[in-house]
Trainee: 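This structure is in structure tokens; I'll ask about it shortly.
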Amino acid sequence: MSIFPESATVLVYGAYGHTARFVIDELVRRGSRPVLAGRSPERLQSVRGDYPDLSIRTAGVADAQDLLAAVDLVINCAGPFADTAVPLAAAAVRAGVHYLDLSAEQQPVLDLAAEFQDGPFASTVMPAAGFFGALGDLLATAAAGDWAEMDQIEEISVFTALDHWHPTSGTRRTGERNTGPRFKVAGGKLVPIAPAHSQAGRPFSWTFPAPFGTCELGELGLAETICISRHLPATRISSYLNLSALSELRDPHTPPPIATDTAGRSAQRFTMEAVAVRDGVRRTARVQGQDIYASSAPIVVEAAARILAGEAPSGVVSPASAFPAEEFLAALPFEEFSLNTKSDQHSPSV
Ligand SMILES: NC(=O)c1ccc[n+]([C@@H]2O[C@H](COP(=O)([O-])OP(=O)(O)OC[C@H]3O[C@@H](n4cnc5c(N)ncnc54)[C@H](OP(=O)(O)O)[C@@H]3O)[C@@H](O)[C@H]2O)c1
């Protein structure tokens, strides 16, 4: 893990959210004293009960410039990011402050790329630096290895299995807000995908290591597809999730996550695997771990540490385009990270 520059000031926006609490804990654990920010003064005061040494700042995203005095980097944990990413990132860029968020939605990643396409500017803008988004991008880039500098990669697929998905209220609100088209890459271009349960989006099976085994998967348009498409030369890019997790997510009666350990993590287990195919040769990278919300924190905080250390370029980037993917993944505290870039199996196209 990179050393966190203690002199740098990090502001966590949406600080009283479920995922933000893991991000704050990770920052504090690594020696940072983040400023806690959000739009509700009461909820900020209540979260400060757990962090009496940290300061708070209150403003909505429309007044985000009021939050940024003497701040070096913002981590935006307030989703739906369709509502918060562009105003907060625009204020950050105007103030010369770096910006990261945890969007799993595709559209905010596209919106930020469009918003800042005229650059140049001094800040690093890194959307989707969480479990969905960054992790698939990092795994795909690690799997692709030196193919990233060559010509076309035929296919990149990101497969995720969750034993359960007990969604937070923020996840539910984000799903309800995220009604626009979702994309995969086909023929080297972003194209809309069919919903996972439709005829065109027929589920198929994929075999993960234990404890998941063979799962029925559905295709899902998530932020990693956009991140990967911005820096890897792939003809096809798709992302898949097991249908049992998707059903829980869509069931309004599924309860929210419950903490089962002292770190506040739920018992949820996950595995994510990226497969890159070129000339019939398959390369893979995989991680396994516990709790997708908690696991977003070390990813975004490691990215923040590296940005503050001057390791990322300015502009709109993803962790996998800014940092060496394999080394970045190895720095994260997953229970398992495995990489097979020597595989010569023939891969059936999914
Ligand atoms: N990429 C990933 O893998 C990943 C992982 C975890 C979370 N996420 C995403 O992160 C977001 C938060 O998730 P969560 O689990 O932490 O949810 P949560 O516990 O419900 O927290 C949501 C936070 O966002 C704030 N917020 C929402 N809309 C806002 C707005 N328009 N202006 C200001 N603040 C706003 C909320 O404040 P108020 O109460 O004042 O509305 C609250 O602080 C969701 O979009 C979720 O999908 C992504």
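Quantities reported herein were computed from a predicted structural model and do not represent experimental measurements. In each ligand, atom 1 is the first atom listed, and ligand 1 is the first ligand listed.
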Trainee: Treating Ile, Leu, Val, Met, Phe, Trp and Tyr as nodes and any side-chain heavy-atom pair under 4.5 angstrom as an edge, say whether Met126 and Ile299 lie in one connected cluster.
Mentor: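 Linked within one cluster.
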
Trainee: Taking only heavy atoms of Gly14 into account, list the atoms of ligand 1 that are under 4.0 Å away from them.
Mentor: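 By the 4.0 Å cutoff, the relevant atoms are 43 (O).
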
Trainee: Closest non-hydrogen protein atom to atom 3 (O) of ligand 1, residue and atom name please, with distance?
Mentor: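 Looking at atom 3 (O) of ligand 1, the protein heavy atom closest to it is Phe132 N, 2.7 Å.
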
Trainee: Give the residue and atom name of whichever protein heavy atom lies nearest to atom 19 (O) of ligand 1, and the separation in Å to one decimal.
Mentor: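 For this ligand atom, the closest protein heavy atom is His18 N, 2.7 Å.
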
Trainee: Just jot down the side chain to side chain donor-acceptor pair (under 3.5 Å) partners of Asp101, sequence neighbours excluded, or say none.
Mentor: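 If we apply the side chain to side chain donor-acceptor pair (under 3.5 Å) test to Asp101, skipping adjacent residues, the hits are Tyr99.
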
Trainee: Look at atom 23 (C) of ligand 1 and find which of Cys77, Ala37, Gly175, Gly170 reaches it with the closest heavy atom.
Mentor: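 Closest candidate by heavy-atom distance is Cys77.
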
Trainee: In the protein, which heavy atom is nearest to atom 21 (O) of ligand 1, and how far is it?
Mentor: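 The closest heavy atom on the protein side is Gly17 CA, 3.3 Å.
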
Trainee: Check contact between Ser169 and ligand 1, using heavy atoms of the residue and a distance below 4.0 angstrom.
Mentor: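 Contact present.
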
Trainee: As a check for students: among Pro108, Ala85, Gly79, identify the option with a heavy atom nearest to atom 27 (C) of ligand 1.
Mentor: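 The residue whose heavy atom sits nearest atom 27 (C) of ligand 1 is Gly79.
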
Trainee: Mind listing the closest non-hydrogen atom pair of Arg265 and Gln290 along with its distance?
Mentor: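 Residues Arg265 and Gln290, closest heavy atoms: NH2-OE1, 3.2 Å.
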
Trainee: Check each atom of ligand 1 against the heavy atoms of Ala104 and keep those under 4.0 Å away; list them by number with element.
Mentor: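 It comes down to these atoms of ligand 1: 1 (N).
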
Trainee: Determine the minimum heavy-atom distance between Ile153 and Ala276, stating which atoms define it.
Mentor: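 Residues Ile153 and Ala276, closest heavy atoms: CG2-CB, 4.4 Å.
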
Trainee: Counting heavy atoms only, which part of Ser296 comes closer than 4.0 Å to ligand 1: side chain, backbone, both or neither?
Mentor: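 The part of Ser296 near ligand 1 is the side chain, not the backbone.
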
Trainee: Could you please spell out the steps behind the ring pair (Phe, Tyr, Trp, His ring centres under 6.0 Å) verdict for Phe132 and Trp165?
Mentor: CA-CA 13 Å; Phe132 290 116; Trp165 192 347; 5.6 Å; yes

Trainee: Determine whether Ile24 and Leu88 fall in the same hydrophobic cluster, where Ile, Leu, Val, Met, Phe, Trp and Tyr are linked whenever their side-chain heavy atoms lie under 4.5 Å apart.
Mentor: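 No.
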
Trainee: Could you check His164, Gln288, Glu335 and say which one makes a side chain to side chain donor-acceptor pair (under 3.5 Å) with Arg269?
Mentor: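 Filter result, single survivor: Glu335.
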
Trainee: Is there a heavy atom of Arg173 sitting under 4.0 angstrom from any atom of ligand 1?
Mentor: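 Under 4.0 Å: yes for Arg173.
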
Trainee: Any atoms of ligand 1 less than 4.0 Å from a non-hydrogen atom of Arg43? List them with their elements.
Mentor: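 Here the atoms of ligand 1 in question are 39 (O).
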
Trainee: Geometry only, no angles: is Tyr293 polar-contacting ligand 1 at N/O separations under 3.5 Å?
Mentor: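 Tyr293 vs ligand 1: no N/O contact under 3.5 Å.
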
Trainee: Does any N or O atom in Tyr13 lie less than 3.5 angstrom from one in ligand 1, N or O only?
Mentor: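 No, Tyr13 has no N/O under 3.5 Å of an N/O on ligand 1.
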
Trainee: Do Glu154 and Arg282 sit within salt-bridge range, that is, some charged N less than 4.0 Å from a carboxylate O?
Mentor: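 A salt bridge is absent here (no side-chain N lies under 4.0 Å from a carboxylate O).
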
Trainee: Checking a contact table here: which protein heavy atom is nearest atom 42 (C) of ligand 1, and how many Å away?
Mentor: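 Its nearest protein heavy-atom neighbour is Tyr16 CE1, 3.9 Å.
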
Trainee: Test: side-chain hydrogen bond (donor to acceptor under 3.5 Å, both in side chains). Region: residues 166-179. Which pairs qualify, not counting sequence neighbours?
Mentor: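 Sorted result for residues 166-179: Asp83-Arg177, Thr168-Thr171, Thr171-Tyr293.
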
Trainee: Hey, which atoms in ligand 1 end up nearer than 4.0 Å to a heavy atom of Leu102?
Mentor: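 Taking each heavy atom of Leu102 in turn, ligand 1 has 1 (N), 2 (C), 4 (C), 8 (N), 9 (C), 48 (C) under 4.0 Å.
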
Trainee: Kindly indicate, with the supporting measurements, whether the criterion salt bridge (charged side-chain N to carboxylate O under 4.0 Å, His left out) is fulfilled by Glu219 and Arg182.
Mentor: CA-CA 10 Å; Glu219 189 171 15; Arg182 307 199 185 192; over 6 Å; no

Trainee: Which ligand 1 atoms are under 4.0 Å away from a heavy-atom of Thr168?
Mentor: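 Contacts of ligand 1 toward Thr168, numbered from 1: 14 (P), 15 (O), 17 (O).
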
Trainee: Under 4.0 Å, heavy atoms only, figure out whether ligand 1 is touched by the backbone of Ala223, its side chain, both or neither.
Mentor: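 The answer is neither; Ala223 stays 4.0 Å or more away.
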
Trainee: Could you check atom 10 (O) of ligand 1 against the protein and tell me its nearest heavy-atom contact, residue, atom and distance included?
Mentor: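 Heavy-atom neighbour on the protein nearest atom 10 (O) of ligand 1: Phe81 CE1, 3.4 Å.
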
Trainee: When you check the gap from the basic side-chain N to the acidic O, do Arg236 and Glu155 get nearer than 4.0 Å?
Mentor: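 A salt bridge is present here (some side-chain N lies under 4.0 Å from a carboxylate O).
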
Trainee: Considering heavy atoms of the protein only, find what lies nearest to atom 45 (O) of ligand 1 and give residue, atom and distance to 0.1 Å.
Mentor: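 Among all protein heavy atoms, the one nearest atom 45 (O) of ligand 1 is Thr174 OG1, 2.7 Å.
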
Trainee: Please classify the Arg39 to ligand 1 contact at 4.0 Å (heavy-atom distances, strictly less than): side chain, backbone, both or neither.
Mentor: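 Answer for Arg39: side chain.
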
Trainee: For residues Ile228 and Ala140, report the shortest heavy-atom separation together with the two atoms involved.
Mentor: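 So the minimum-distance heavy-atom pair works out to CD1-CB, 3.7 Å.
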
Trainee: As a check for students: among Ala15, Ala78, Ala297, identify the option with a heavy atom nearest to atom 25 (C) of ligand 1.
Mentor: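 When every heavy atom of Ala15, Ala78, Ala297 is considered, Ala78 comes closest to atom 25 (C) of ligand 1.
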
Trainee: For atom 13 (O) of ligand 1, which of the options Leu135, Thr19, Asn178 provides the nearest non-hydrogen atom?
Mentor: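 Residue with the shortest heavy-atom distance to the ligand atom: Thr19.
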
Trainee: Relative to each other, are the rings of Phe204 and Tyr240 parallel, tilted or perpendicular (30° and 60° limits)?
Mentor: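 If you compare the ring of Phe204 with that of Tyr240, the planes turn out perpendicular.
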
Trainee: Hey, which atoms in ligand 1 end up nearer than 4.0 Å to a heavy atom of Thr84?
Mentor: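 It comes down to these atoms of ligand 1: 29 (C), 30 (C), 31 (N), 32 (N).
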
Trainee: Are any of the N/O atoms in Phe131 less than 3.5 Å from those in ligand 1?
Mentor: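 Right, the criterion is met.
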
Trainee: Please identify which of these residues, Phe337, Phe323, Phe328, meets the side chain to side chain contact (heavy atoms under 4.5 Å, CB included) condition with Leu138.
Mentor: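 With Leu138 as partner, side chain to side chain contact (heavy atoms under 4.5 Å, CB included) holds for just one option, Phe328.
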
